[in-house]
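One structure is given below, encoded as structure tokens.
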Amino acid sequence: QVQLVESGGGLVQAGGSLRLSCAASGGSFSRYTMGWFRQAPGKEREFVAAISRSGITTYYADSVKGRFTISRDNAKNTVYLQMNSLKPEDTAVYYCAGGSRPWYTSVAVTTSSYDYWGQGTQVTVSS
């Protein structure tokens, strides 16, 4: 059973940066597509970014493209989300997720494609 633990959330002013980490244990991390999703109060969970097993392929939601960067270190069983130029609308609980399905963009952006989820970390961006 894979366990995912996020860290790095917090309170930051608009225009600032945060780096989220997600540490995996209990499985073969390099076999999983990894994704970041977020959920704001009263809204559905939405896709943020995803990265293929090797780390070569990434995909981003239009709302974060050019500001966020997803990366992974398979030797450390960790996936990262570097968030720059943060906006108040980025405020949400951020979740990392892992899935064993082959990489397709349509698969990577869908919550049901992922088998494992972390508990989430709060990101709050003040204006």
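We number each residue from 1, following the sequence as shown.
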**Asked** Is V64 reachable from V125 through a run of I, L, V, M, F, W or Y residues, each pair having side-chain heavy atoms under 4.5 Å apart?
**Response** yes
**Item:** Separation between OG of S21 and CG of L81, rounded to the nearest 0.5 Å
**Value:** 9.5 Å
**Prompt:** What orientation do Y116 and Y32 show, parallel under 30°, tilted 30 to 60°, or perpendicular over 60°?
**Reply:** perpendicular
**Item:** Shortest non-hydrogen contact between A14 and S127, atoms and distance
**Value:** CB-CA, 4.4 Å
**Message:** Please determine whether side-chain contact (heavy atoms from CB on, under 4.5 Å) holds for the pair S100 and R31, giving the CA-CA distance in whole Å, both sets of side-chain angles, and the decisive distance to 0.1 Å.
**Reply:** CA-CA 6 Å; S100 57; R31 296 176 59 185; over 6 Å; no
**Message:** Strictly distance-based, threshold 3.5 Å: is any side-chain N or O of R72 a donor or acceptor partner for the main-chain N or O of G55?
**Reply:** no
**Message:** Please tell me whether W117 and F37 form a close aromatic pair, meaning their ring centres lie under 6.0 Å apart.
**Reply:** yes
**Single-linkage hydrophobic cluster V12~Y80, side-chain heavy atoms < 4.5 angstrom** = no
**Asked** Can you name the nearest heavy-atom pair linking M34 to V79, along with the distance?
**Response** CE-CG1, 3.9 Å
**Prompt:** Would you say the side-chain atoms of R101 pair up with the backbone N or O of A108, donor to acceptor, closer than 3.5 Å?
**Reply:** no
**Request:** Look up atom OG1 in T111 and atom CZ in F47, then write down how far apart they are to the nearest 0.5 Å.
**Result:** 11.5 Å
**Prompt:** What is the distance from atom CZ of F68 to atom OG of S63, rounded to the nearest 0.5 Å?
**Reply:** 7.5 Å
**Asked** Rounded to the nearest 0.5 Å, what separation is found between the CD1 atom of I51 and the OG1 atom of T57?
**Response** 8.5 Å
**Request:** Rounded to the nearest 0.5 Å, what's the gap from CG on D90 to CZ on R67? Could you check?
**Result:** 4.0 Å
**Complete:** Smallest heavy-atom separation, L4 atom then C22 atom, equals CB-SG, 3.8 Å
**Message:** Return the OG1 to CZ distance between T78 and F29, rounded to the nearest 0.5 Å.
**Reply:** 6.5 Å
**Asked** Are K65 and D62 close enough for a salt bridge, meaning some N to O gap below 4.0 Å?
**Response** yes
**Request:** Could you please spell out the steps behind the side-chain contact (heavy atoms from CB on, under 4.5 Å) verdict for V123 and M83?
**Result:** CA-CA 10 Å; V123 172; M83 305 186 295; 3.9 Å; yes
**Request:** Apply side-chain contact (heavy atoms from CB on, under 4.5 Å) to the pair R53 and S30, showing each step before the final yes or no.
**Result:** CA-CA 5 Å; R53 300 168 185 176; S30 62; 5.9 Å; no
**Cluster overlap Y60 with V48, hydrophobic side-chain contacts below 4.5 Å** = yes
**Result of checking E6, R38, Q39 against Y94 for side-chain contact (heavy atoms from CB on, under 4.5 Å)** = R38
**Message:** I need the minimum non-hydrogen distance between G35 and Y114, along with the two atoms involved.
**Reply:** N-CE2, 3.7 Å
**Item:** Exercise: identify the closest heavy-atom pair between L18 and L86
**Value:** N-CD1, 3.8 Å
**Message:** So for atom CD, which belongs to Q122, do other residues, nucleotides or ligands contribute more than 12 heavy atoms lying within a distance under 6.0 Å?
**Reply:** yes
**Asked** Any donor-acceptor pair under 3.5 Å linking the side chain of S113 with the backbone of V109?
**Response** no
